Undergrad: 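Take this structure first; my questions come after.
All chains are named by letter (A, B, ...) in the order of the sequence lines, taking the proteins before the strands, and each is independently numbered beginning at 1. Everything numeric in this text was worked out from a predicted model, so none of it was measured.
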2 protein chains.
Amino acid sequence: MIEISNAELSVMQVLWQRQPLSANDVVEALGNDKDWHEKTVKTLLNRLVSKGALGFDKDGRAYLYYPLIAEQDYKLEQSRSFVERIFAGRVAPLVAGFASQNKLNADDVQQLKQLIADWEQEQHHD
Amino acid sequence: MIEISNAELSVMQVLWQRQPLSANDVVEALGNDKDWHEKTVKTLLNRLVSKGALGFDKDGRAYLYYPLIAEQDYKLEQSRSFVERIFAGRVAPLVAGFASQNKLNADDVQQLKQLIADWEQEQHHD
DNA sequence: CCTTATGGATTACACTTGTAATACATTTAA
DNA sequence: TTAAATGTATTACAAGTGTAATCCATAAGG
């Protein structure tokens, strides 16, 4: 899988939200969170293109960038490898950590319950 | 928080399991999984000491290394920052990803249910 | 005692990453 | 029509990382 660095990820997030975008659009979209020079963002765009994470179409002189890898795929793979690395592949201990730090709210718990219900439903089908 | 690289983390895991250990013990313990030269492991030990992640006592000529940061603390912090970076701080979507890939087993679900039960119990106390 | 092996310390070196600056080719404005 | 602005491409440069090799002191073996 393509390696995307932290800084690059921020750029990907923008383009996962809205695409295609010109370099300037991306710079602007990042403006709120990041304090990056325009040149920095362009470097990141370039690197992402080199890595095959972004593609672009030409729009006159400018480029319009779009993601070549799906957000879902990327996040799944990252989760898998993170949980593998840190928790030997088990996700429950990670959630336990959140729980222990009071980082779970009612929404999270609601969603988790739903996931569990779905999972159990699934088991019955087998 | 101290930054620990991937390779360094493998060394930490060994010492979190058993401590203190000599450099050679660590090399040996890693032997199964990693195909690292002894010199490589010693470099990693050195870097971890520089970073303040490991300490050591002298045992004659050799050093006996031990962790200076707690496994729990480290993993909590890593989880927090990972989930922040990838899932905007919400843990449920991560679990959903695992669910969608059939990466949840009965054990995981059992543990999650328990966590939820504990969480709900906690709410009542407030 | 002298040589060799062994432990840690220092050095190496290419690649990635964060963070731009500079160069170069065109548009566009004056 | 010429200078300034603007887009991309190339170059920069230090810090971190993976992966060792070399150096140096000393302990241990012969």
Side-chain angles (χ1 to χ4, degrees), chain A residues 1-15 20-66 69 74 78 81-82 85-86, chain B residues 1-15 20-66 68-69 74 77-78 81-82 85-86:
Chain A
M1 158 95 42
I2 297 171
E3 288 295 328
I4 295 176
S5 80
N6 261 341
E8 288 162 359
L9 181 58
S10 300
V11 170
M12 291 302 292
Q13 310 259 32
V14 166
L15 286 159
L21 292 180
S22 72
N24 279 342
D25 290 340
V26 174
V27 168
E28 197 176 338
L30 285 168
N32 297 335
D33 318 283
K34 305 289 177 176
D35 198 26
W36 285 339
H37 196 284
E38 169 219 0
K39 296 297 189 186
T40 299
V41 176
K42 299 203 172 170
T43 296
L44 295 174
L45 286 168
N46 257 313
R47 288 182 181 167
L48 286 166
V49 169
S50 303
K51 290 180 179 190
L54 293 181
F56 60 85
D57 292 324
K58 299 202 178 186
D59 174 28
R61 191 149 65 119
Y63 293 176
L64 292 181
Y65 297 89
Y66 52 85
I69 67 185
Y74 177 78
Q78 289 303 299
S81 90
F82 177 80
R85 204 157 38 86
I86 308 284
Chain B
M1 156 99 38
I2 297 173
E3 288 295 329
I4 294 176
S5 80
N6 262 342
E8 288 162 359
L9 181 57
S10 301
V11 171
M12 292 302 292
Q13 309 260 32
V14 166
L15 286 158
L21 292 180
S22 72
N24 280 342
D25 290 340
V26 174
V27 168
E28 197 176 339
L30 285 169
N32 298 334
D33 317 283
K34 305 289 177 177
D35 199 26
W36 285 340
H37 195 285
E38 168 220 359
K39 298 298 190 185
T40 300
V41 176
K42 297 203 174 170
T43 296
L44 295 174
L45 285 168
N46 255 313
R47 288 183 181 166
L48 286 166
V49 169
S50 302
K51 289 180 179 188
L54 293 180
F56 60 83
D57 292 325
K58 299 202 178 185
D59 174 30
R61 191 149 65 118
Y63 292 176
L64 292 181
Y65 297 89
Y66 52 85
L68 288 179
I69 66 185
Y74 177 77
E77 170 56 20
Q78 290 303 300
S81 91
F82 176 81
R85 202 157 40 86
I86 307 283

Undergrad: Give the rounded distance in Å between these two atoms: CG of A:Leu48 and P of D:dT8.
TA: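 Rounding to the nearest Å, CG of A:Leu48 and P of D:dT8 are 14 Å apart.
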Undergrad: Rounded to whole angstroms, how far apart are NE2 on B:His37 and P on D:dT22?
TA: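 For the pair B:His37 NE2 and D:dT22 P, the rounded distance is 10 Å.
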Undergrad: Side chain of A:Leu44 only, please: which of C:dG7, C:dG18, D:dG18 is the nearest?
TA: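 So the side chain of A:Leu44 is nearest to C:dG18.
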Undergrad: Are any side-chain N or O atoms of B:Lys51 and backbone N or O atoms of B:Ile4, one a donor and one an acceptor, separated by less than 3.5 Å?
TA: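 Side chain of B:Lys51 to backbone of B:Ile4, a donor-acceptor pair under 3.5 Å: no, none is there.
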Undergrad: Whole-Å distance between D:dC23 P and B:Lys42 NZ?
TA: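 One finds 17 Å between P of D:dC23 and NZ of B:Lys42, rounded.
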Undergrad: Give the nucleotide from the list D:dT8, D:dT6, C:dT17 with an atom nearest to the side chain of A:Arg61.
TA: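 Looking only at heavy atoms from C-beta outward on A:Arg61, the closest nucleotide is D:dT6.
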Undergrad: Any donor and acceptor pair, going by atom type alone, linking the side chain of B:Glu8 with main-chain N or O of B:Ser5 inside 3.5 Å?
TA: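 Yes; at least one donor-acceptor contact below 3.5 Å.
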Undergrad: Using a cut-off of 4.0 Å on non-hydrogen atoms, how would the nucleic acid contact of B:Ser5 be classed: base, sugar-phosphate, or nothing?
TA: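 The answer is sugar-phosphate, as B:Ser5 gets under 4.0 Å only of primed atoms, P, OP1 or OP2.
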Undergrad: Hey, does the side chain of B:Gln78 reach the backbone of A:Phe82 with a donor-acceptor pair shorter than 3.5 angstrom?
TA: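 No, because the side chain of B:Gln78 does not come within donor-acceptor range (under 3.5 Å) of the backbone of A:Phe82.
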Undergrad: Near A:Asp35 CG, under 6.0 Å, is it more than 12 heavy atoms from other residues, nucleotides or ligands?
TA: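 Incorrect, the count does not exceed 12.
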Undergrad: Base, sugar-phosphate, or nothing: which does A:Lys58 touch, judged by heavy atoms less than 4.0 Å apart?
TA: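 No contact.
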Undergrad: If you assign each of B:Glu38 and A:Ala7 to its closest nucleotide in DNA chain C, which residue comes earlier from the 5' end?
TA: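 Nearer the 5' end of the strand: B:Glu38.
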Undergrad: To the nearest angstrom, how far is B:Glu3 atom CD from D:dT17 atom P?
TA: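 B:Glu3 atom CD is separated from D:dT17 atom P by 7 Å.
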Undergrad: 5'-most contact on DNA chain C: B:Lys39 or B:Arg47, nearest heavy atom basis?
TA: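 The answer here is B:Lys39.
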Undergrad: CZ of A:Phe56 versus P of D:dG7: gap in Å, rounded?
TA: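 The distance from CZ of A:Phe56 to P of D:dG7 comes to 16 Å, rounded to the nearest Å.
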Undergrad: Nearest to the side chain of B:Tyr63, which nucleotide is it out of D:dA9, C:dG8, D:dG18?
TA: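 Shortest atom-to-atom distance from the side chain points to C:dG8.
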Undergrad: I'd like to know if the side chain of B:Asn46 reaches the main chain of B:Thr43, judged simply by a donor and an acceptor atom lying under 3.5 Å from each other, with no hydrogens or angles considered.
TA: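 No: the side chain of B:Asn46 does not pair with the backbone of B:Thr43.
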Undergrad: Counting side-chain heavy atoms from CB outward, which of C:dA20, D:dT17, D:dT19 is closest to A:Trp36?
TA: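 Out of C:dA20, D:dT17, D:dT19, the nucleotide with an atom closest to A:Trp36's side chain is C:dA20.
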Undergrad: Just to confirm, is there a sub-4.0 Å distance from OP1 or OP2 of C:dT17 to any side-chain nitrogen or oxygen of A:Lys51?
TA: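 So the side-chain polar atoms of A:Lys51 do come within 4.0 Å of the phosphate oxygens OP1 or OP2 of C:dT17, strictly under.
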Undergrad: A:Glu8 has an atom CD; how far is it from atom C1' of C:dT19, in whole Å?
TA: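 Rounding to the nearest Å, CD of A:Glu8 and C1' of C:dT19 are 12 Å apart.
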Undergrad: Tell me: CG of A:Asn24 to C1' of D:dT6, nearest whole Å?
TA: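 Atom-to-atom, A:Asn24 to D:dT6, this comes out as 9 Å.
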Undergrad: Rounded to the nearest angstrom, tell me the gap between atom CG in A:Asn46 and atom P in D:dA12.
TA: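 To the nearest whole Å, that distance equals 16 Å.
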Undergrad: Side chain of A:Thr40 only, please: which of C:dT19, D:dA21, D:dT17 is the nearest?
TA: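 Output: C:dT19.
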